[in-house]
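Below is one structure, written out as structure tokens; comments come after it.
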Amino acid sequence: MDLPRVNEPRRSRLRADGGDEGFDVAREIFEQEDTIFANESLLEIDHVPSADRIVGRDDEIRMLAEELRSAVNGHSPENVIIYGKTGTGKSLVSRHVTSRAKELAKDGVSIGTAYVDCSTHSTETQAVSTLARHYNEPNVTQLRVPETGLSTAAYYERLWTVLDLQYDVVIIILDEADLMTDDSILMKLSRAGESGSTSCRIGVIAISNKIEWADDLNERVKSSLQPKEMAFQPYDATQLERIMENRTDAFQSGVLTSDVIPLCAAFAAQDFGDARKAIDILRHSGNLAYKQDAEQVTETHVREARTEAEKDRFKELIEGVPQQAKAVLLALSILTNNSAQEEFATQLVYRQYSNICKTIELDTLSERRFRDILKEQAFLGLIDIQKENRGRSGGINLLNRLVEDSEIVYEILIDDNRFTELDDNLDQRRVQDW
DNA sequence: CATCCACCGGAAAGATGGGGCT
DNA sequence: AGCCCCATCTTTCCGGTGGATG
């Protein structure tokens, strides 16, 4: 077992011992002139470019503005559901249009805007709490909105009070609304006016990556929301190029070789026209060039960056997962490493998982819970699950397969303190298990 | 072609722990 | 302090599933 550690490069660079000849290493790094980037923040994910830098979404902006037009006059805006693949400019356009609406509101009309990321605030309570806290100006309202601890109803109460005191109209963006565990917040927001909870007009922009989401919405929700639906198409390669062209001032002049942007665009276009990915690759390319002390960013950097961007995302995904889920993934990666197969029946994985838990004295979960964890990982895209029916001699089975290379998964997981001791034990164990 | 295997997944409720309110 | 609310993770129980099998 002498695979290279995934973390090794970083670790060795950070190590305090050996190698330095007494000068101030940290200072050397910090004071180093950035020869590649002029303003890296232009390439950050949530950077909202100014209006003239938004590419190829004029129609979408126009349509959305149309739906929100009444807001600037102090009337109720339409509710909107926007769907489209990731990186097609959904949140960008929403943020842009709402902030323009706020700026261009007629005299005497005060518009509030809010942006809620439902992937991190996935329950009704969290979302309302976030909203109330976002809008609340303690000086004006004399209210405090705690992060947790209140009942959902209490959060709504505060939200209504805050809105009444401060705004005529608010426009609320619910990003990744499909990740919401239930849709009652949509109901409550759209009913708030008619039920007399607040006199503030409320418009909701719900953004979803899944096209089916709008169809799955509860009929009751749909009828009270009466949403207008908009679909965003993926960017084509030309648009992606222009998007990146617009951000070249993130780099020092002359650093980008001519084929860098077209190549980033081509890669991203392959991946469903995802602008976020295009910019990710561009940023990674720059970072690579910087690390290698290159004078220019070249095609080679881009190709390398593409795989690196993918791995980064993947590593973050695994590291962010709870302990038990890691044990489950570890079980699956060990099985895959030690067998010609790639798919394993749930029962088999469960046995391997139980072994792991016993060895490191981690609580062994019930099989039922274990199945749920597998399913959660499948939802994250780490595992692929196939259904199989062995009929009378085995009933229904799920076959679980790691999406990524099992050796890499194993290396990432074994770095977790809790599991490292396993690494040493494993060589002997493996012989008897297999 | 009805049966039946044994695994799947929904429902409900318990445990734990974070926090606010009066 | 004592009570309430919520989120998250977990267990227990049990009806559902659907193609290989005889």
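A note on names: the letters A, B, ... follow the listed sequences, proteins ahead of strands, and every chain is numbered from 1. A quick note: this is a predicted structure, and the numbers were derived from the prediction, not measured.
Counting any heavy atom pair closer than 4.0 Å across all strands shown, T364(A) reaches sugar-phosphate atoms only and no base atom.
A heavy atom lying under 4.0 Å from DNA chain B marks the following residues of residues 150-162 of chain A, by number: L150(A), R158(A).
Along DNA chain C, read 5' to 3', the first and last nucleotides having any atom under 4.0 Å from a heavy atom of chain A are dC5(C) to dG22(C).
Legend: residues meeting salt bridge (Lys or Arg N to Asp or Glu O under 4.0 Å) with R351(A), ordered by chain and number and at least two apart, are absent. A search for side chain to side chain donor-acceptor pair (under 3.5 Å) contacts involving D274(A) returns T86(A), not counting sequence neighbours. Residues meeting the side chain to side chain contact (heavy atoms under 4.5 Å, CB included) test with N389(A), sequence neighbours left out: I396(A). Scored by the ring-ring contact (aromatic ring centres under 6.0 Å, His included) test, Y155(A) finds no partners at all (sequence neighbours excluded). For the ring-ring contact (aromatic ring centres under 6.0 Å, His included) test, residues two or more places apart in sequence or in another chain that qualify with Y167(A) are Y135(A). Looking at residues two or more places apart in sequence or on another chain, you find a side chain to side chain donor-acceptor pair (under 3.5 Å) between K188(A) and E124(A). Applying the side chain to side chain donor-acceptor pair (under 3.5 Å) rule to D164(A) yields the partners T198(A), S199(A); only residues at least two apart in sequence or on another chain are considered.
The local environment of CD in E103(A) is crowded, with over 12 non-hydrogen atoms from other residues, nucleotides or ligands closer than 6.0 Å.
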Which donor-acceptor pairs under 3.5 Å do side chains of residues 321-336 of chain A form with protein atoms, sequence neighbours excluded?
unit_1	atom_1	unit_2	atom_2	d
Q324(A)	OE1	Y353(A)	OH	2.7
Q324(A)	NE2	D363(A)	O	2.9
K326(A)	NZ	D416(A)	OD2	2.8
S333(A)	OG	L330(A)	O	2.9
T336(A)	OG1	L332(A)	O	2.6

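Rounded to 10°, the angle separating the first-five-pair axis and the last-five-pair axis of the helix from dC1(B)-dG22(C) to dT22(B)-dA1(C) equals 20°.
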Quick one, give me the B/S/- string for nucleotides 4-13 of chain B, reading 5' to 3', where B means a protein heavy atom under 4.0 Å from the base and S means that only happens at the primed atoms, P, OP1 or OP2. BBBSBBB---
